[in-house]
Amino acid sequence: MTEAHVPPRVPVLVAGGGPSGLAAAIELGRRGIEVLVVEPRTALDPLRPRAKTTSVRTMEHLRRWGLADRLRAAAPLPVSWAQDVVFCTGLFGHEITRFPEAFGLWTRPREIAAEAGQQAPQSEVERLLREAAAELPAVTLLLGSRVTAVTDGPDEVRAVVEGRDGGTAEVTAEYLLGCDGSAGVSRRAIGARYEGSSGALPNLSVTFRSRALEERPLCAHGVHHWVIGTERGGLMGRLDLDGTWWAIVQGVDTVAGDADAAALVRAMVGDDIDVEVLATDPWQARMLLVDRYRGERVFLVGDAAHLNPPWGGHGFNTCVGDAVNVGWKLAAVLQGWAPAGLLDSYEPERRPVARRTIDAAGSQEAFLAPAFTGRDLDDDGPTGVELRAALAEALQVKDPEFHSLGLVLGYDYPDSPVVVPDGRPVPGPALATFTPSAHPGARLPHAWLAGGDSLFDRLGDGFTLLRLDPAADPGAGAAPPPARPRRRGPPGASGVRRSRC
């Protein structure tokens, strides 16, 4: 790589082009801010899906970017196919209990949100985000290169970018977003460190195909199947409708040679089915949060700032929330209508959200599949019925993992230096239930307008004035901002209500 391949100076350099880096680039690029995204991976791996849950809130961000319908069209598992998480004694065994409309997977519009959740492998989401970022004239994607060194400073950031051929170039940026995960250089560059713990059980993710699971009727229809009481416990589900499945086997010690993936899948299914293993991925849950989110002009975003356990599907979505928050603020500062002090609100707004999300997901570590055991669960007689009923009651402790709209939509920013409380009562924190509220710092309550439009569709990219009149269309006063601000000052209406990020 030669220096000619890399612009020597950019307003914003994004180190890492995963979900958080791409989301930040889209947020900035849509506002006309020049962004260089440096990402070492040239190809995405569809056989290691990792995150599979795109939350209601992330889908609302995708809707604002014009991408929600594109993701649903590309997703290999439509929401209409299945919405429930099912607990069973094996895929050909007995259903124990189910959690309906998990992860916000509903098929009819609801008043509380502009979008339902969506199941899609992370590789498919990243592919869409790459396409969307590449469509923006202000965004440059540099794939196959990585940021190997970062020097933070009061006036600029200097970074070394290394290409696949070993050549290097130096880039100077006004700001750098560290979206380079746990192994990147951004966190070390500002002296931040992770604090927290790891899960007690090792896990093995397996992607596989099986004719038996296509040809034989399963005990229940669900988007996820949690298997309880077999030799191996864990969860599994369809990756697509063409015969590809994923499984997470819990309590697998790969170091001890306990990783015959096909045998593990058969043990969890509960029958000697055919299994064609496509990929495996050993991992351990992490509950880690950095002690600081920024240096002088370097900001940590996504996994570089926090590592969430996957239970509940919040990790990737929290990363996108970070990116949206810091993205619009950087744009405001670079466009000149907000002071640099606005950026001081990023950490006090997003770090408590990550802390709460890690705590909520981490609390489920005590209730993984191996924690629920029992003999005779597959008994077809009264004993089995009684045992499954008792276990179904005990499994209700899992409900906040699958129904968590209070966490997904109900967070606010009470400690932000740019949020001024209005003195009115606010809903208390909740995980499973969500109470819409218009208090400062909260997400704007959603409403469907006459004709089926979402209130959120009437909001511009900047600030919007809402005229709230019970006798009028609640969206009639929404005034979209100009595409680019014509003067110093917040884009959009002069009277503002900000609660979007």
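Heavy-atom basis, side chains included; hydrogens, waters and symmetry copies ignored. By convention here, the first residue in the shown sequence is residue 1.
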May I ask you to check whether F402 and H224 place their ring centres under 6.0 Å from each other? no
Ignoring hydrogens and geometry, is there a side-chain-to-backbone donor-acceptor pair from R297 to P154 under 3.5 Å? yes
Are any non-hydrogen side-chain atoms of V12 and E174 less than 4.5 angstrom apart? no
pair L289-E195: side-chain heavy atoms closer than 4.5 Å: no
Would a distance-only check, ignoring hydrogens and angles, find a side-chain to backbone donor-acceptor pair under 3.5 Å from R350 to T318? yes
Close side-chain approach of V150 and V298, heavy atoms under 4.5 Å: yes
Least distance between heavy atoms, V277 atom then F208 atom: CA-CB, 4.2 Å
Hey, what do you get for CG (L28) to CG (L136), rounding to the nearest 0.5 Å? 10.5 Å
Do E347 and L300 have side-chain heavy atoms sitting under 4.5 Å apart? no
Any side-chain heavy-atom pair from Y413 and S345 closer than 4.5 angstrom? no
Side-chain H-bond candidate by donor/acceptor type, S416 with E349, under 3.5 Å: yes
Which heavy atom in E401 sits nearest to a heavy atom in W226, and how many Å separate them? OE2-CZ2, 3.5 Å
Could you go step by step and tell me if E126 and R50 meet the salt bridge (Lys or Arg N to Asp or Glu O under 4.0 Å) rule? CA-CA 12 Å; E126 287 192 55; R50 299 184 183 271; over 6 Å; no
Heavy-atom count around E101 CD within 6.0 Å, excluding the residue itself: above 12? yes
Does the plane of the ring in H225 sit parallel, tilted or perpendicular to the ring in W245? Use 30° and 60° as the thresholds. tilted
Tell me if the CG atom of D69 is crowded by more than 12 foreign heavy atoms within 6.0 Å. no
Rounding to 0.5 Å, atoms CE (M287) and CD1 (I358) come to a distance of 9.0 Å
Rounded to the nearest 0.5 angstrom, the CG-CZ distance for D303 and R187 is 10.5 Å
So do the side chains of V6 and L36 get within less than 4.5 Å of each other, counting heavy atoms only? yes
Look up atom CG in N317 and atom CG in D322, then write down how far apart they are to the nearest 0.5 Å. 11.0 Å
Report the relative orientation of the aromatic rings in W337 and F463; use parallel for angles under 30°, tilted for 30 to 60°, perpendicular for over 60°. perpendicular
Is there a side-chain contact between R64 and E27, using heavy atoms and a 4.5 Å cut-off? yes
Is the backbone of E296 close enough, under 3.5 Å, to the side chain of D152 for a donor and an acceptor to pair up by distance? yes
Side-chain heavy atoms of E39 within contact of C179, under 4.5 Å: no
Have Q83 and W106 got a donor and an acceptor in their side chains that come within less than 3.5 Å? no
Any donor-acceptor pair under 3.5 Å linking the side chain of R292 with the backbone of I190? yes
Just by distance, with hydrogens left out, do S55 and H314 show a side-chain donor and acceptor under 3.5 Å apart? no
Looking only at non-hydrogen atoms, find the nearest pair between T42 and L143 and report the distance. CG2-C, 4.1 Å
Check: S145/E162 side-chain N/O donor and acceptor closer than 3.5 Å: no
About how many Å separate CH2 of W65 and CZ of R30, when rounded to the nearest 0.5 Å? 8.5 Å
All heavy atoms of A285 vs all of N203, minimum pair found to be N-ND2, 4.2 Å
For the residue pair F299 and Y346, does the interplanar ring angle fall in the parallel (under 30°), tilted (30 to 60°) or perpendicular (over 60°) class? perpendicular
Please report the shortest heavy-atom distance between P46 and L239, naming the atom on each side. O-CD2, 4.0 Å
Note: W246 and R238 closest approach over all heavy atoms is NE1-O, 3.5 Å
For R31, is there any backbone N or O sitting under 3.5 Å from a side-chain donor or acceptor partner on Q335? yes
CZ of R127 to CZ of R130: how many Å apart, nearest 0.5 Å? 11.0 Å
Under 3.5 Å donor-acceptor, T207 side chain and L47 backbone: yes
